[in-house]
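In what follows, every chain begins at residue 1, and chains take the letters A, B, ... in the order their sequences are listed. Since this is a predicted model, take the numbers as computed values, not measurements.
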Amino acid sequence: MIPVSIQMRQALGKLVLPLLVLLSIGIIIAGQADRKLADKARMTVADGLAPLWGLMTAAQHRVQAVSTNLREAGRMASENARLQTENDNLRRWYDVAVSLTRENDTLKTALHWIPEPTPAFVTGRVVADSGGIYARAVLLVAGTDSGVRVGNVALAANGLAGRVTETGARSSRILLITDIASRLPVTLDASHATAIMGGDNTPLPRLMYYAQDTRPIEGERVVTSDQAGAFPAGLPIGRCITCIPASPLWCRLPSLTT
Amino acid sequence: MIPDPSMSAWEPEIRPRQTLWQRLDHGARHLLPSLFIALIIIFFSAPLNIPGAAELLPALVIATVFFWSFWRPTGMSGLAVFLLGLFMDLVGFTPLGVSAFILLLVHGVAFYARFGLMRLNFLLVWGVFALVAAGACLLQWGLACLFRLAMLDIAPALFESLLTIGVYPPLSALFSWVLHRLDEKEDP
């Protein structure tokens with residue numbers, strides 16, 4: 001330290017603040033006059049601090065990730081509790097199902113019940129909509145190689161779709177139940193009335209020849225009937241609707257959109 | 001009273017030469033407020049998406065500078081204030097030198113008013129600080145208007161001054177506690 005007298009040092013100390021104020025004013029003016037220099041200085045400082053900021057941002061992201069994980073863990077705990085109660089509930093239902101199956105089996109043996117033959121399924125994709133001689137028919141990529149025979153029943157996701165009319169080795173043609181040539185015996189589920197469903201090339205096939213004393217109920221299920229032995233009984237087709245009272249009945253088909 | 005047999009008690013004017021560790025300790029104590037401000041500046045300029053960071057940073061810095069200049073000027077010298085202000089300008093987007101200028105003015109007011117205001121109670125000191133803070137924020141706004149050559153919206157400046165005034169009591173409590181701890185360590 002330079003040896004200066006106490007008075008001198010005090011005088012210098014009093015001068016420091018005004019000098020610094022003047023210096024800052026000078027910097028303000030210089031910064032306004034030469035903006036490029038100011039920006040350069042700014043960028044130098046920012047460059048120096050960039051790793052520090054990166055570190056802080058990384059830490060913040062880490063903290064956010066941890067907090068998110070914690071929240072997620074809390075949510076998972078409640079979810080776990082919910083699933084456990086549900087699992088207990090389902091276990092009870094499982095017991096009920098098992099006992100009911102047992103009971104069913106014993107009843108069936110007591111009645112000497114002959115089980116129906118389990119139907120065999122072949123699943124194929126519809127590849128073409130060309131009808132051939134029919135207006136409403138589709139081509140399926142599943143043929144005699146896969147075991148498809150003429151007269152087999154075709155089911156879509158929501159119910160009956162049609163019957164196989166022609167088969168090739170790897171493809172088969174299906175006559176849809178909406179085709180004008182399609183006639184099939186049906187049963188109305190609730191009123192137990194039998195009828196014939198005839199297609200008319202529209203999405204709503206007509207219900208015909210139902211018994212006059214049992215009027216079909218609006219909205220009841222229409223299922224196949226095994227009257228002619230053509231279909232197994234009970235395949236879902238659709239729902240019964242009447243557009244106008246005392247007029248022909250139609251059947252709304254959930255399975256077909258053609 | 002029995003005289004203390006240690007050397008320093010015999011001749012209190014002559015102290016033993018400070019060791020390196022003691023000098024480091026002393027220096028760290030003097031640098032504590034400046035380091036605090038520097039860390040605050042770095043923290044608030046980081047892209048952390050803190051709401052109101054742009055207004056909170058000057059508020060905290062002004063309050064800290066005022067407190068230390070008022071109560072313990074050895075911990076907040078004019079040079080430190082100048083450098084911190086310049087640092088704030090370089091890191092932030094204020095015109096270069098403006099923060100340094102304003103902080104120096106705050107420091108000067110606190111430094112010269114301390115002898116008159118030291119005996120007043122906290123509320124009056126706070127009132128004085130409120131005036132200083134409002135003046136600083138308005139000055140900043142005025143300078144910004146001057147540089148842009150246009151009248152800017154005064155609402156952010158008012159918000160900033162209110163934030164500065166509001167942030168002073170908690171900071172003051174914190175720093176008073178720090179001062180107590182430092183004093184306790186200095187003369188046990």
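No more than 12 heavy-atom neighbours from other residues, nucleotides or ligands sit within 6.0 angstrom of OH on A:Y94. Environment of CG in A:L15: crowded, with over 12 heavy atoms of neighbouring residues, nucleotides or ligands closer than 6.0 Å. Surrounding CZ of A:R82 are more than 12 heavy atoms belonging to other residues, nucleotides or ligands, all under 6.0 Å away.
Using a 4.5 Å cut-off between heavy atoms, A:L20 contacts chain B through both its backbone and its side chain. With a threshold of 4.5 angstrom between heavy atoms, A:V45 approaches chain B through side-chain atoms but not through N, CA, C or O. In this structure, no portion of B:L103 lies under 4.5 Å from any heavy atom of chain A. Looking at A:A38, the atoms closer than 4.5 Å to chain B (heavy atoms on both sides) sit in the backbone and in the side chain alike. Heavy atoms of B:S99 lying under 4.5 Å from chain A are absent altogether. Looking at B:F43, the atoms closer than 4.5 Å to chain A (heavy atoms on both sides) sit in the backbone and in the side chain alike.
Chain B forms more heavy-atom pairs under 4.5 Å with one residue of A:L49, A:I28, A:D39 than with any other, namely A:I28. Annotation: maximal heavy-atom pairing with chain B below 4.5 Å, among A:R35, A:H61, A:Q32, occurs at A:Q32. When the candidates A:L19, A:V21, A:L22 are compared by the number of heavy-atom contacts under 4.5 Å with chain B, A:V21 comes out ahead.
For A:I27 against B:G97, the heavy-atom pair with the smallest separation is CG2-CA, 3.9 Å. In this structure, B:G92 and A:R42 approach most closely via the heavy-atom pair O-NH1, 2.9 Å. Scanning all heavy atoms of the two residues, the minimum distance from B:G108 to A:L17 falls at CA-CD2, 3.5 Å. Nearest heavy-atom pair, A:W53 versus B:I42, reported as atom, atom and distance to 0.1 Å: NE1-O, 3.0 Å.
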For this session: Apply side-chain contact (heavy atoms from CB on, under 4.5 Å) to the pair B:F82 and A:V16, showing each step before the final yes or no.
Result: CA-CA 11 Å; B:F82 173 73; A:V16 166; over 6 Å; no
